[in-house]
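Here's the structure we're looking at; comments come further down.
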Amino acid sequence: MPEAPEKNLALDIVRITEAAALASARWLGRGDKTAGDNAAVQAMRIGFSTLNIDGTVVIGEGEKDNAPMLANGEKLGGGGDLALDVAVDPVEGTNLLAYGRPNAISVMAVSPRGSMFNPGPSFYMQKLVVGSGARDVVDIDAPVRVNLKNVAKALGKSVQDLIVFVLDKPRHQRLIEDIREAGARIQLQTDGDVIGALMAADPHSEVDIMMGTGGTPEGVLSACAVRGLGGQVLARLDPQSYVEKEAINEAGVDLREVLTVSNLVRSEDCFFAATGISGGDFLRGVRYSAGHAVTHSLVLRGKTGTLRYVESYHNMDRLSKFSAVQY
C-alpha cells in the first residue's frame with residue numbers, strides 16, 4: 001500500500017550535529033582535543049533533551065581513548081514511545097580538530113531499538129566499503145589487486161582511475177604497498193574513518209573504495225549511512241592488542257565472522273547526519289562572519305535513500321541571547 005511521508009528524524013538530528021560542530025569549532029587548531037570534544041558532547045546532550053524519543057546510546061565514542069563521551073547505555077531524549085538505538089561521535093577526528101587539519105566532523109545516527117550491532121569490547125575492525133555500483137563485487141578475503149580490479153570493472157573505470165581511502169597508520173604499510181602495486185591512487189588521512197566510508201559510498205565523491213582497519217564504533221556508525229546509500233560494508237573484528245582480543249573471546253564473539261552492512265544495521269529505517277567542523281573537500285567546516293556562522297551538513301534517511309546536503313546560516317548574536325549551548 002502507498003504510504004504517506006513519515007517524519008524524517010534526520011532533519012531533527014542534524015540540528016544536534018550542527019550545534020556540536022558550532023560549539024567545538026571554536027577549538028580548531030588550539031591543541032586541546034579534550035576541550036573541543038567536551039564542547040561537542042555538552043551541545044549534543046542539550047540537543048537531545050529537545051527530542052521526544054527514548055534513545056539509548058549503543059555506539060558512544062570515547063572509551064578507548066578516555067575522551068569526554070556520551071557513554072554506552074546512556075539514555076537520551078525527552079522520553080516518548082519512539083525507542084531508538086543511538087550511535088554518536090560528537091567529534092570524529094579529535095586530533096584533526098585539535099591540530100587544525102581537515103575533515104573533522106560531528107556525526108550521529110539513530111535506528112529502531114535493537115537494530116544496531118553492539119561491538120561490546122571490540123575497538124577495532126577491518127573494513128572494506130564501496131558504493132552501490134560495486135556492492136556485489138567485493139570480498140574482504142580477496143587479494144587487494146582482485147578487489148580493485150573488480151571494483152574498477154563494476155564502475156566502468158581502469159584500476160589506475162580508482163582512489164582508495166586509507167588511514168595513514170603503521171598497520172597499513174603492507175596494504176598501501178599492495179594498492180600501489182595494483183596501480184590505484186590513494187588518499188591518506190591520519191584520522192577519521194567515518195568520513196572515509198562516507199566518501200566511498202557517496203556517488204558525488206572522488207573516493208571509490210575504503211580499505212583498512214579502523215574503529216569498530218565508527219564502522220557501525222558509518223554503516224547507517226552506507227546502508228541508506230545502497231553501498232556495502234564488509235567488516236571483521238580486528239583486535240589490536242592481546243587485552244582486546246581476550247575480551248572479545250571471553251564475550252563469545254567469533255573473530256572470523258564477516259559482517260555486512262545489513263548485520264551492522266539490521267533495519268533500513270535508520271537516519272544519519274554529519275556536520276563539518278574543520279574544512280574539507282567533502283563537508284566544509286564551520287565558517288564565521290560578522291554575527292553569523294555557516295555550517296555544511298549531510299543528512300540521510302535510510303528507508304528512502306534520500307540524501308540531502310544542508311547549508312545553514314546561524315545568527316550567532318540571536319543564539320547567544322538564549323541558547324544553553326556555549327557557542
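Residue indices begin at 1 and follow the sequence shown.
Hydrophobic clustering (ILVMFWY, side-chain heavy atoms < 4.5 Å, transitive): Ile209 and Ile179 are in one cluster.
With a 6.0 Å radius and a threshold of 12 heavy atoms from other residues, nucleotides or ligands, Asp281 has its CG atom at or below the threshold. Residue-environment remark: NZ (Lys245) stays at or below the threshold of 12 foreign heavy atoms within 6.0 Å.
Between the CZ atom of Phe123 and the CD atom of Gln240 there is a distance of 12.0 Å, given to the nearest 0.5 Å. Expressed to the nearest 0.5 Å, how far NZ of Lys33 lies from CG of Leu96 amounts to 10.5 Å. With rounding to the nearest 0.5 angstrom, the CG atom of Asp89 is 10.5 Å from the CD1 atom of Ile59. Once rounded to the nearest 0.5 Å, the distance linking CG of Leu97 with CH2 of Trp27 reads 10.0 Å. Rounding to the nearest 0.5 Å places CG of Leu283 at 9.5 Å from CE of Met199. From Asn118, atom CG reaches atom CE of Met116 across 11.0 Å, with rounding to the nearest 0.5 Å.
Taking the charged nitrogens against the carboxylate oxygens, Asp238 and Arg171 have no contact shorter than 4.0 Å, which rules out a salt bridge. Using a cut-off of 4.0 Å between Lys/Arg side-chain N and Asp/Glu carboxylate O, Lys127 and Glu218 are scored as not salt-bridged.
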May I have the list of side-chain donor-acceptor pairs in residues 229-237 shorter than 3.5 Å, sequence neighbours left out?
residue	atom	partner	partner atom	Å
Gln232	OE1	Val261	N	3.1
Arg236	NE	Arg256	O	3.3
Arg236	NH1	Asp141	OD1	3.2
Arg236	NH2	Asp141	OD1	2.9
Arg236	NH2	Asp141	OD2	3.2

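Ring planes of Phe282 and Tyr309: perpendicular class, angle over 60° (limits at 30 and 60°).
Listed here is the closest heavy atom pair of Ser115 and Asp85: N-OD2, 3.0 Å.
Counting heavy atoms from C-beta outward, His296 and Thr275 have side chains that stay 4.5 Å or more apart.
A cation-pi contact links Arg26 to Tyr288, judged by a cut-off of 6.0 Å to the six-membered ring centre and 45° from its axis.
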